[in-house]
**Student:** 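Sending over a structure as structure tokens; questions will come in a sec.
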Number of protein chains: 2
Amino acid sequence: MVELSQRDKKILKAVVVDYIKSGEPVGSRTVSKKYMTNLSSATIRNVMADLEDLGYLYQPHTSAGRVPTEKGLRFYLESLMEIEKLGKRERDAIRRAYLDLTGGVEEILKKTSQVLSNLCSQAAVVLWPRLTATKFKRIEFVRLYRNHVLTILVAESGIVHHRLVTYDEDIAQEELDKLSNYLNDILKDMTLGEVKNRILEEMKEEKALFDQIYNRAMQIMKKALQEKAEEAELYIEGQANLLDNPEFADIERLKRILRAFEDKSRLLKLLDMTLGSSEGVQIILGPETETQELNEISLVSSTYRKGEVVLGVVGVIGPIRMDYPKIVPIVDYTAQVLSELMENPENMDTSRS
Amino acid sequence: MVELSQRDKKILKAVVVDYIKSGEPVGSRTVSKKYMTNLSSATIRNVMADLEDLGYLYQPHTSAGRVPTEKGLRFYLESLMEIEKLGKRERDAIRRAYLDLTGGVEEILKKTSQVLSNLCSQAAVVLWPRLTATKFKRIEFVRLYRNHVLTILVAESGIVHHRLVTYDEDIAQEELDKLSNYLNDILKDMTLGEVKNRILEEMKEEKALFDQIYNRAMQIMKKALQEKAEEAELYIEGQANLLDNPEFADIERLKRILRAFEDKSRLLKLLDMTLGSSEGVQIILGPETETQELNEISLVSSTYRKGEVVLGVVGVIGPIRMDYPKIVPIVDYTAQVLSELMENPENMDTSRS
DNA sequence: ATTAGCACTATACATTACAGAGTGCTAACA
DNA sequence: TGTTAGCACTCTGTAATGTATAGTGCTAAT
């Protein structure tokens, strides 16, 4: 593998930057004039031919300029990109967006997706806090009708999960209240991950066989906690923004992408990939996922946290050609602000005054 | 206003039907050949010219065929359309879709939007049961942090509304439990509309000034019931289906429509219009709403009910040129099935066996 | 009242021509 | 030896042109 010289990198960078701006293949003349006035277009041409041989650039046809390949883009993202610094004005705009919210965490998350999609002029996506990461606050059982119990699970963050479970006996509301009281008592201050484990564990023990109340409580609770794969655990916002990108003028392409959005499971998988990652912004290029449907888009994302615990993911989805230097710091900062809000929800109110 | 002769109507109908099928202006020759073999194209031409003068048809340019105007379409829908009968196969398909659902009403509604968008190959929309129409089942208060109470309202249908309210005093969880117990007691068996009225009414009375528990309960309950205008009270499904319509090949048009969908308030208003309507399917053509954003689409909708009480609306959204004879009965039947399910949720389980 | 026939018109489509942008290569230059 | 000017070549996009097609309105004949 040949090392790129300083000059090669500079030219590669110029091509990527210009391509990101214009969306069109960039020729040697453009690079020479706009980015490297000390070199002639002929020289640039030679270098670009080399870069093409090395797989960083690609030529749509003989007499066209060059377009970065996935490899070229990735190299740019890793080593060449100069992230813009976020201006005070933008930082304020992001913070201010949260000021007049009165509702709970859901509202904050929804607002976040709006902020991101507006500021970046692309689609934005927000993955909800994972159940396992948040703390248990309260459980409530409501008998709706025969054999059917509505379970309402409240996380410490204020997020509410509810679920209708069936139980093979019909339990009166009075007894359900006892069960929930019991559970509220013993599950206090655990994370939902711990809750789940504990329940699975204790159901194995003999005690379950003899203590009916205990047994029922555990059974219902277990059902309440079952992850429903279909559940919409994410917001997508600003899909219409995607239409502003010239690369999506092609209807067929657009259709593929919108369909991918409707079936949220694929996106979930994508976002899950970034959940485990370390701090900071991550960029996933569509082709890297090897998922046909996401081939033409890319994701700029970051996790948000409460203290050290990763809760979820926020990100921006757009075409592979995105204005990364602008978007990366926005996602970064938004995720930070969101983490602060998660840490201390009362902030929101005090900052209003 | 001149009355249309039988023949005029037949020709108008032919134009509309053919236009709905093909999406292109239909000429006299086509009508003569495909729909009225007993008449020559010249005769048809004369009639069509008359229909144009009367405002039922419109000619994009001198040498093109005719396209129905809004007036023409409306006339067709009211008096000429022959609704197709829904085959047993389709009826079964709709019923079967609900069989394997385990969750509550939300899941049913979501499924409904999927069913409609699939069967009609357009976007589908489902308006949730209005708060006021459903019966109160239970209220729960959870203290999240200082001055912040999470209120959880369960309707008899199993729909859960939750909301974070602030209260100017910090109330301990023990007291909140008392308050909710009190409310659960006195609000039993009322509809949420009645609940709201009763609370507003009683807060005026003097009792509120003296009885602190009573007072607090009412205050918080009132806040919990406040309709949040922004709340997403509807599902939209199958937006990508719209891309299959040739009329939406134009990106600009598509953009306008997707933006209209993102701002749900406009759609809500549209659906509200049909809420008050009598039984059966209603069709609203975009231009009739006089809302710029909805100008190019139309809505086929029906209410769904529990007994005599109208709960919400289901519908199909597509281009003004839609296959109404096919879609109307689908919407109609789906709304019926949905009403049955609302009436008696246990149906779902029994039919599974 | 209906229709055949004809002149007329607008669109859609294919063909052609041409300008523009870009390349690779060669030869000259510092 | 690295850089550059110059030139022939290639591909695309666009504008201009001609032609086929589908449709109309009108008139005169049935």
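This one's a predicted model, so the numbers in the text were calculated from it and none came from an experiment.
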**Student:** What is the separation between atom CD on B:Gln59 and atom C1' on D:dG23, rounded to the nearest whole Å?
**Tutor:**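 Checked: the CD to C1' distance equals 8 Å.
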**Student:** Please step through side chain to side chain contact (heavy atoms under 4.5 Å, CB included) for the pair A:Leu299 and A:Ile283, ending with a clear verdict.
**Tutor:** CA-CA 6 Å; A:Leu299 167 73; A:Ile283 299 175; over 6 Å; no
**Student:** Do the side-chain N or O atoms of A:Arg7 get closer than 4.0 angstrom to the phosphate oxygens (OP1, OP2) of D:dG2?
**Tutor:**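 Result: no.
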**Student:** Hey, which of these two, A:Asn46 or B:Ser41, hits DNA chain C nearer its 5' end, going by closest nucleotide?
**Tutor:**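 The 5'-side residue here is B:Ser41.
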**Student:** For the residue pair A:Tyr35 / A:Thr30, report whether a side-chain donor-acceptor contact shorter than 3.5 Å exists.
**Tutor:**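 No pair is found: no donor N or O on one side chain lies under 3.5 Å from an acceptor on the other.
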**Student:** Between P on D:dG2 and CD1 on A:Ile44, what's the gap in Å once rounded to a whole number?
**Tutor:**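 The distance from CD1 of A:Ile44 to P of D:dG2 comes to 16 Å, rounded to the nearest Å.
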**Student:** Please list, in numerical order, the residues of residues 10-37 of chain A that have a heavy atom closer than 4.0 Å to any atom of DNA chain D.
**Tutor:**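 Those residues: none at all.
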**Student:** For A:Asp18 and A:Val31, run side chain to side chain contact (heavy atoms under 4.5 Å, CB included): C-alpha distance rounded to whole Å, both residues' side-chain angles, the deciding distance at 0.1 Å, then the answer.
**Tutor:** CA-CA 8 Å; A:Asp18 203 80; A:Val31 174; over 6 Å; no
**Student:** Using whole Å, report how far CE of B:Met48 lies from P of D:dA22.
**Tutor:**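 Distance, rounded to whole Å: 16 Å.
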**Student:** Examine the side chains of A:Thr43 and A:Asn46 and answer whether a donor and an acceptor come within less than 3.5 Å of each other.
**Tutor:**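 No, no side-chain donor-acceptor pair sits under 3.5 Å.
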**Student:** A:Ser63 side chain N/O closer than 4.0 Å to the phosphate oxygens (OP1, OP2) of D:dC11?
**Tutor:**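 No.
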**Student:** Under 3.5 Å, is there any donor-acceptor pair linking the side chain of A:Thr62 to the base of D:dT10?
**Tutor:**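 Such a pair does not exist between side chain and base.
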**Student:** For a quick test of your reading: what N or O donor-acceptor pairs under 3.5 Å do the side chains of residues 57-65 of chain B make, sequence neighbours left out?
**Tutor:**
| unit_1 | atom_1 | unit_2 | atom_2 | d |
| --- | --- | --- | --- | --- |
| B:Gln59 | NE2 | B:Thr62 | O | 3.0 |
| B:Gln59 | NE2 | B:Ala64 | O | 3.2 |

**Student:** Output every pair passing ring pair (Phe, Tyr, Trp, His ring centres under 6.0 Å) with a member in residues 234-259 of chain B, not counting sequence neighbours, ordered by first then second residue.
**Tutor:**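 The answer is B:Trp128-B:Tyr235.
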**Student:** Are B:Arg45 and D:dA22 close enough that a side-chain N or O sits under 4.0 Å from OP1 or OP2?
**Tutor:**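 So the side chain of B:Arg45 is outside the cut-off, no N or O lying under 4.0 Å from OP1 or OP2 of D:dA22.
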**Student:** Decide, yes or no, whether a salt bridge links A:Glu296 with A:Arg253 under the criterion of side-chain N to carboxylate O below 4.0 Å.
**Tutor:**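 Looking at A:Arg253 together with A:Glu296, the answer is yes, because their closest N to O distance falls below 4.0 Å.
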**Student:** Can you give the first and last nucleotides of DNA chain C, 5' to 3', that have an atom under 4.0 Å from a heavy atom of chain B?
**Tutor:**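 Using the under 4.0 Å cut-off, the span is C:dT2 to C:dT11.
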**Student:** Side chains of A:Asn245 and A:Gln122: any donor to acceptor distance under 3.5 Å?
**Tutor:**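 Judged by distance alone, the side chains do pair up.
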**Student:** Taking five pairs at each end, how big is the angle between the two axes of the helix from C:dA1-D:dT30 to C:dA30-D:dT1, to 10°?
**Tutor:**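 Result, rounded to 10 degrees: 20°.
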**Student:** Between A:Asn241 and B:Arg259, do the side chains contain a donor N or O and an acceptor N or O under 3.5 Å apart?
**Tutor:**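 Yes, A:Asn241 and B:Arg259 have a side-chain donor paired with an acceptor closer than 3.5 Å.
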**Student:** Using the salt bridge (Lys or Arg N to Asp or Glu O under 4.0 Å) rule, collect all pairs that involve residues 35-56 of chain A, keeping only residues at least two apart or in two chains.
**Tutor:**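 Residue pairs with at least one partner in residues 35-56 of chain A: A:Glu52-A:Arg66.
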**Student:** Consider side-chain contact (heavy atoms from CB on, under 4.5 Å). Of A:Val115, A:Val125, A:Leu116, A:Leu127, which one does A:Val314 pass it with?
**Tutor:**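 That would be A:Leu116; it is the only one of A:Val115, A:Val125, A:Leu116, A:Leu127 passing the side-chain contact (heavy atoms from CB on, under 4.5 Å) with A:Val314.
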**Student:** Check whether any side-chain nitrogen or oxygen of A:Thr43 sits under 4.0 Å from OP1 or OP2 of D:dT4, and answer yes or no.
**Tutor:**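 For A:Thr43, the contact criterion (side-chain N or O under 4.0 Å from OP1 or OP2 of D:dT4) is met.
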